[in-house]
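Chain identifiers are assigned alphabetically (A, B, ...) following the order of the sequence lines, protein sequences preceding nucleic acid strands; residue numbering begins at 1 within each chain.
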Number of protein chains: 2
Amino acid sequence: MVKPTKVTNSIRALRFAQGQMTQAELAERVGVTRQTVIAIEQGRYSPSLEMAFQIARVFGVAVEDVFQYPRQEGATP
Amino acid sequence: MVKPTKVTNSIRALRFAQGQMTQAELAERVGVTRQTVIAIEQGRYSPSLEMAFQIARVFGVAVEDVFQYPRQEGATP
DNA sequence: CTCCCGTGTCAAGCAAACTTGACACGGGCA
DNA sequence: TGCCCGTGTCAAGTTTGCTTGACACGGGAG
C-alpha cells in the first residue's frame with residue numbers, strides 16, 4: 001500500500017488507558033487477528049466501519065474518539 | 001452479499017434534510033460512485049471508515065449520527 | 001543463559017468494498 | 001407524446017481490508 005491512510009487513531013493510548021491491554025487481547029475482543037490490529041494501530045490502512053465501531057465499543061468511547069479524520073486532505077501527489 | 005450488514009444508516013433522511021440532495025450529488029461530494037452510495041444507503045455493505053467520515057462531514061454531523069451499530073447481536077454461528 | 005511474551009514484518013490468498021457501464025422504471029415537464 | 005431525472009439493479013473487474021502462518025527482536029523471568 002502506497003497510501004498510508006488519512007485516518008489516524010488513538011488505539012495505543014486507549015489500550016494503555018484500559019490497563020495495559022495487549023494487541024492480541026484487543027484483537028480477540030474485536031474479533032480480528034493480531035496482525036490486523038497492528039496494521040490499523042499503525043495507520044497502514046483504515047478499518048471497516050463495523051470494526052471501528054467494535055473497537056470503540058471495547059474501549060467504551062465514540063468512534064470519533066478513537067479515529068481522527070483530517071479535513072480535506074491537500075491531495076499532495 | 002448474503003449478509004445484509006449489521007450497520008444501519010440515516011443517509012436518506014440526512015439527504016432530504018439537506019434540501020433534497022440527490023444520491024449522485026452525495027456520491028460526487030464524498031468522492032465515490034453513485035452505485036456505491038446506493039448500496040451503502042440500502043445497507044448492502046458497510047463502507048470504509050474514511051468514507052463514513054466523509055459522508056458525515058458532508059452532512060455536518062458525527063459518524064455516530066449517520067451510522068448506527070447494534071450492540072452484539074446473537075452471534076450467528 | 002535460555003525461554004516466553006509482546007511487538008512488528010513479510011508473503012500468499014480470499015473476500016468484501018468499490019468501480020465502470022449498461023439497462024429499467026416511474027414521474028414531471030416541454 | 002416524448003424525453004430527461006432520480007432511483008435501483010445486474011454483471012464483471014480492480015483494489016484493499018483481513019486472514020493464516022512463519023519468522024525476528026528486545027526485555028523480563030526462571
Side-chain angles (χ1 to χ4, degrees), chain A residues 1-59 63 66-70 72-73 75-77, chain B residues 1-59 63 66-70 72-73 75-77:
Chain A
M1 186 171 292
V2 228
K3 308 181 67 178
T5 308
K6 304 151 197 165
V7 180
T8 60
N9 66 81
S10 314
I11 295 182
R12 183 167 287 269
L14 264 336
R15 281 214 344 269
F16 275 74
Q18 297 289 315
Q20 320 295 316
M21 179 188 294
T22 66
Q23 294 175 332
E25 191 180 333
L26 174 59
E28 230 175 83
R29 293 256 227 128
V30 294
V32 296
T33 58
R34 208 166 57 77
Q35 283 82 333
T36 301
V37 168
I38 294 176
I40 292 176
E41 182 171 315
Q42 297 180 339
R44 296 224 240 146
Y45 52 68
S46 52
S48 64
L49 229 207
E50 290 177 61
M51 188 160 307
F53 269 115
Q54 286 176 85
I55 292 175
R57 183 149 298 168
V58 166
F59 290 130
V63 304
V66 182
F67 301 94
Q68 294 81 41
Y69 187 70
Q72 223 59 335
E73 74 275 8
T76 28
Chain B
M1 184 171 290
V2 226
K3 308 181 66 178
T5 308
K6 304 152 196 166
V7 181
T8 61
N9 65 81
S10 315
I11 295 182
R12 184 167 286 269
L14 264 337
R15 282 213 344 269
F16 275 74
Q18 297 289 315
Q20 321 295 316
M21 180 189 294
T22 67
Q23 294 175 333
E25 191 180 333
L26 173 58
E28 230 176 84
R29 293 256 227 128
V30 296
V32 296
T33 59
R34 208 166 58 78
Q35 286 80 335
T36 302
V37 167
I38 294 175
I40 292 175
E41 181 170 316
Q42 298 180 340
R44 297 225 237 147
Y45 52 69
S46 52
S48 65
L49 227 206
E50 290 177 60
M51 190 160 305
F53 269 115
Q54 286 176 85
I55 293 175
R57 182 149 300 170
V58 166
F59 290 129
V63 303
V66 182
F67 301 95
Q68 294 81 40
Y69 187 69
Q72 225 62 332
E73 64 247 30
T76 27

Chemist: Any side-chain N or O of A:R12 less than 4.0 Å from the OP1 or OP2 oxygen of C:dG6?
Modeler: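 No, A:R12 has no side-chain N/O under 4.0 Å of OP1/OP2 on C:dG6.
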
Chemist: Whole-Å distance between C:dT19 P and B:E28 CD?
Modeler: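 Checked: the CD to P distance equals 12 Å.
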
Chemist: Sugar-phosphate atoms are those with a prime plus P, OP1 and OP2; base atoms are the rest. Using that split, label each nucleotide of nucleotides 23-30 of chain C B, S or - for protein heavy atoms under 4.0 Å, 5' to 3'.
Modeler: --------

Chemist: Of the nucleotides C:dG8, D:dG21, D:dG8, which has the atom closest to the A:Q23 side chain?
Modeler: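 The listed nucleotide nearest to A:Q23's side chain is C:dG8.
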
Chemist: Can you see if the side chain of A:R44 gets near the phosphate of D:dC18 - specifically, an N or O under 4.0 Å from OP1 or OP2?
Modeler: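 For A:R44, the contact criterion (side-chain N or O under 4.0 Å from OP1 or OP2 of D:dC18) is not met.
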
Chemist: Taking only the side-chain nitrogens and oxygens of B:Q42, find out if one of them lies under 4.0 Å from OP1 or OP2 of D:dT9.
Modeler: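 The answer is yes; a side-chain N or O of B:Q42 sits under 4.0 Å from OP1 or OP2.
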
Chemist: Just checking B:Q18: does its CD atom have more than 12 heavy atoms from other residues, nucleotides or ligands closer to it than 6.0 angstrom?
Modeler: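 Correct, the count exceeds 12.
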
Chemist: Check the distance between C:dA17's P and B:L49's CG and give it to me in whole angstrom.
Modeler: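 Result: 13 Å.
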
Chemist: Any side-chain heavy-atom pair from A:M51 and A:I40 closer than 4.5 angstrom?
Modeler: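 A:M51 reaches A:I40 side chain to side chain.
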
Chemist: Report the C-alpha distance between B:T36 and B:Y45 in whole Å, list the side-chain angles of each, state the deciding distance to 0.1 Å, and finish with yes or no for side chain to side chain contact (heavy atoms under 4.5 Å, CB included).
Modeler: CA-CA 9 Å; B:T36 302; B:Y45 52 69; 4.1 Å; yes

Chemist: Just one of B:V32, B:L14, B:I11, B:V37 clears the side-chain contact (heavy atoms from CB on, under 4.5 Å) bar with B:I55, so which one?
Modeler: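 Considering B:V32, B:L14, B:I11, B:V37, a side-chain contact (heavy atoms from CB on, under 4.5 Å) with B:I55 is found only for B:I11.
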
Chemist: By nearest atom, which of the nucleotides C:dC18, D:dC10, D:dT19 is closest to the B:V32 side chain?
Modeler: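 Looking only at heavy atoms from C-beta outward on B:V32, the closest nucleotide is C:dC18.
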
Chemist: With sugar-phosphate meaning primed atoms plus P, OP1 and OP2, does B:T33 contact a base, only sugar-phosphate, or nothing at under 4.0 Å between heavy atoms?
Modeler: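 Base contact - B:T33 has a heavy atom under 4.0 Å of at least one base atom.
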
Chemist: Starting from the 5' end of DNA chain C, give me the residue, A:A24 or A:S48, whose nearest nucleotide shows up first.
Modeler: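 Looking at DNA chain C, the more 5' nearest nucleotide goes with A:A24.
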
Chemist: List the steps, then state whether side chain to side chain contact (heavy atoms under 4.5 Å, CB included) holds for B:K6 with A:F53.
Modeler: CA-CA 11 Å; B:K6 304 152 196 166; A:F53 269 115; over 6 Å; no

Chemist: Compare every heavy atom of B:L49 with every heavy atom of A:S46, then report the nearest pair and how far apart it is.
Modeler: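 Shortest heavy-atom contact: CB-CB, 4.3 Å.
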
Chemist: Check the distance between D:dT16's P and B:Y45's OH and give it to me in whole angstrom.
Modeler: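 The distance from OH of B:Y45 to P of D:dT16 comes to 15 Å, rounded to the nearest Å.
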
Chemist: Do you know the tightest heavy-atom contact between B:M21 and B:R29?
Modeler: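 Answer, listing the atom of B:M21 first, then B:R29: CE-NH2, 3.5 Å.
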
Chemist: With the side chain of A:I38 defined as its heavy atoms from C-beta on, choose the nearest nucleotide among C:dG8, D:dC18, D:dG8.
Modeler: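 Of the options given, the side chain of A:I38 lies nearest C:dG8.
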
Chemist: Where each residue is assigned the nucleotide of DNA chain D containing its nearest heavy atom, which of B:T22 and A:M51 is assigned the position nearer the 5′ end?
Modeler: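 Result of the comparison: B:T22.
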
Chemist: Whole-Å distance between D:dC5 P and B:M21 CE?
Modeler: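 So the CE-P distance, B:M21 to D:dC5, works out to 19 Å.
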
Chemist: Kindly check if the number of other-residue, nucleotide or ligand heavy atoms within 6.0 Å of CD (B:E28) is above 12?
Modeler: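 At most 12 heavy atoms, drawn from other residues, nucleotides or ligands, come within 6.0 Å of this atom.
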
Chemist: Can you tell me the distance, in whole Å, between the CD atom of B:Q35 and the P atom of D:dT15?
Modeler: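 Interatomic distance, CD of B:Q35 to P of D:dT15: 18 Å.
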
Chemist: May I have the distance from A:N9 (atom CG) to D:dG17 (atom P), rounded to whole angstrom?
Modeler: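 After rounding, the gap between these two atoms is 14 Å.
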
Chemist: To the nearest Å, how far apart are A:I40 CD1 and D:dT16 P?
Modeler: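 Spelled out: CD1 on A:I40 to P on D:dT16 is 16 Å.
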
Chemist: Do A:E41 and C:dG8 have a side chain to base donor-acceptor pair shorter than 3.5 Å?
Modeler: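 Flag unset: no donor-acceptor pair detected.
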
Chemist: Could you check how far CZ of B:R15 sits from P of D:dC5, rounded to whole Å?
Modeler: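 Going from B:R15 (CZ) to D:dC5 (P), I get 17 Å.
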
Chemist: Taking the nucleotide of DNA chain D with the nearest heavy atom to each, does B:E50 or B:F16 sit closer to the 5' end?
Modeler: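 Closer to the 5' end of DNA chain D: B:F16.
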
Chemist: Please classify the nucleic acid contact of A:T36 as base, sugar-phosphate, or nothing, using heavy-atom distances under 4.0 Å.
Modeler: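 Base: the residue A:T36, judged by heavy atoms under 4.0 Å, touches a nucleobase.
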
